Amino acid sequence: MTMVSVTGGHTLPIPPSPMDYASTASVKQIHGALAAHHHRHMWIITGPAGCGKSTVAQYVAKELSIPYIEGDDYHSDSNKQKMSQGSPLTDIDRWDWLITLREAAVARLSPSKRSANKRHDGVVVTCSALKRKYRDVIRIAAYNDHDVMVHFIYLRADADVLLARVTGRKGHYMKSAMVRSQMEALEEPDATEQGRDVLEVDCGASLTQVQQEAVRTVREVLADDQ
Ligand SMILES: Nc1ncnc2c1ncn2[C@@H]1O[C@H](COP(=O)(O)OP(=O)(O)O)[C@@H](O)[C@H]1O
Ligand SMILES: O=C(O)[C@H](O)[C@@H](O)[C@H](O)[C@H](O)COP(=O)(O)O
């Protein structure tokens, strides 16, 4: 454990962060080491507006027969109003949303919410999770319950692709003028995160290809957790 010096020359241990806890090894190593254990999985479909989170998440949830939670449904009215007026959310606007969304996802996994006949061993969640600290808020679900594994599926696309998709989408509060601020806020998962719990899917391909690639990626992880 990392130690930190404090006044008087003492050292105190720094508790591991959710990120440290999530893994110090690769995703494959963790899954291999825990192969005998069946986890409950949170699949967080991430990326900026227009990357295809909702469209892909619905498909993954249907293919896996697990619940789907739409992150946009968990914003406060004031957040929605702000976004619809073209103002990007701040960190402060996002904290409660992220925590509420995480807890909603955990609730869908909890034993009390499982039906008598069918065990919900997974949940799919859409959440832009643009910054690493936002992903860390979600990672706390695995930190709190060792039985839960959090995986991020990052849908990567260039700004011009996102702009075209948001422009073409009707009836959503997030308009195309917001794409720029989304890209400015975005902290793409680096190699460290990708080696731990982030799986990247190129979402510039056709919708069918992206959906199938996302499901293939999920099934590969699940195959290691049998
Ligand atoms: N791979 C894709 N190719 C073409 N269009 C897509 C693709 N993925 C999503 N779309 C379309 O782009 C728009 C934005 O997708 P959506 O799922 O709402 O993104 P997000 O939830 O990330 O904002 C929708 O109209 C959707 O049908
Ligand atoms: O479908 C979309 O266009 C996005 O999901 C959009 O609704 C927004 O990105 C998030 O809900 C939260 O906002 P932030 O991305 O600013 O955190």
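Computed from a predicted structure; not experimentally measured. Counting starts at 1 for both ligands and their atoms, following the listed order.
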Would you check the N or O atoms of Trp97, main chain and side chain alike, for any that come under 3.5 Å of an N or O of ligand 2?
-> no
Taking atom 16 (O) of ligand 2 as the reference point, the nearest protein heavy atom with its distance = Arg94 NH2, 2.7 Å
Backbone or side chain, does any N or O of Ser54 fall under 3.5 Å from an N or O of ligand 2?
-> no
Electrostatic pair Asp96:Arg94 at N-O distance under 4.0 angstrom | no
Charged N-O contact under 4.0 Å between Arg216 and Glu213 | yes
List every atom of ligand 2 that sits less than 4.0 Å from any heavy atom of Met83, numbering the atoms from 1 in the order shown and giving each element.
-> 13 (O)
Between Glu188 and Arg132, does at least one N-O distance fall below 4.0 Å, as a salt bridge requires?
-> no
How does His172 reach ligand 2, by side chain, by backbone, by both or by neither, if only non-hydrogen atoms under 4.0 Å count?
-> side chain
Exactly which residues line ligand 1, taking a heavy atom under 4.0 Å from it as the test?
-> Pro48, Ala49, Gly50, Cys51, Gly52, Lys53, Ser54, Thr55, Arg165, Arg169, Cys203, Ala205, Ser206, Leu207, Val210
For Gln182, take its heavy atoms, then give the atoms of ligand 2 lying under 4.0 Å from any of them.
-> 9 (O), 14 (P), 15 (O), 16 (O)
Specify the closest pair of heavy atoms between Ile66 and Val123, including all atoms of both residues, with the distance to one decimal.
-> CD1-N, 3.8 Å
Which residue supplies the protein heavy atom nearest to atom 1 (O) of ligand 2, what is that atom called, and how far is it?
-> Arg169 NH1, 3.1 Å
Under 4.0 Å to a heavy atom of His75 - the qualifying atoms of ligand 2, by number = 10 (C), 11 (O), 12 (C), 13 (O)
Looking at atom 8 (C) of ligand 2, what's its closest protein heavy atom, distance included?
-> Met174 CE, 3.7 Å
Taking NZ, NE, NH1 and NH2 as the nitrogens, is one of them in Lys80 or Asp72 under 4.0 Å from a carboxylate oxygen of the other?
-> no
Of all heavy-atom pairs linking Thr167 and Ser176, the shortest is OG1-CB, 3.4 Å
Just need the protein heavy atom nearest to atom 15 (O) of ligand 2, so name the residue and atom and give the distance.
-> Ser128 OG, 2.6 Å
Salt-bridge present (Asp136, Lys131; N to O < 4.0 Å) = no
Protein contact of atom 11 (O) of ligand 2 - nearest heavy atom, named by residue and atom, plus distance | Asp72 OD1, 2.4 Å
What's the shortest heavy-atom distance between Arg135 and Ala129, and which atoms?
-> NH1-O, 2.9 Å
Not counting sequence neighbours, which residues clear side chain to side chain donor-acceptor pair (under 3.5 Å) with Asn79? List them please.
-> His75
Side-chain donor-acceptor contact under 3.5 Å, Asp225 with His41 = yes
Less than 6.0 Å separating the ring centroids of Tyr134 and Trp95?
-> yes
Evaluate the side-chain proximity of Gln212 to Tyr59: yes if any heavy-atom separation is below 4.5 Å, no if none is.
-> yes
Got the closest protein heavy atom to atom 4 (C) of ligand 2, with its distance?
-> Lys53 NZ, 3.8 Å
Salt-bridge contact Asp147-Arg40 (side-chain N to carboxylate O under 4.0 Å) | yes
Should the proximity of Thr126 to ligand 2, defined as any heavy atom under 4.0 Å, be assigned to the side chain, the backbone, both, or neither?
-> neither
Numbered atoms of ligand 2 (with element) below 4.0 Å of Tyr173, judged on heavy atoms = 7 (O), 11 (O)
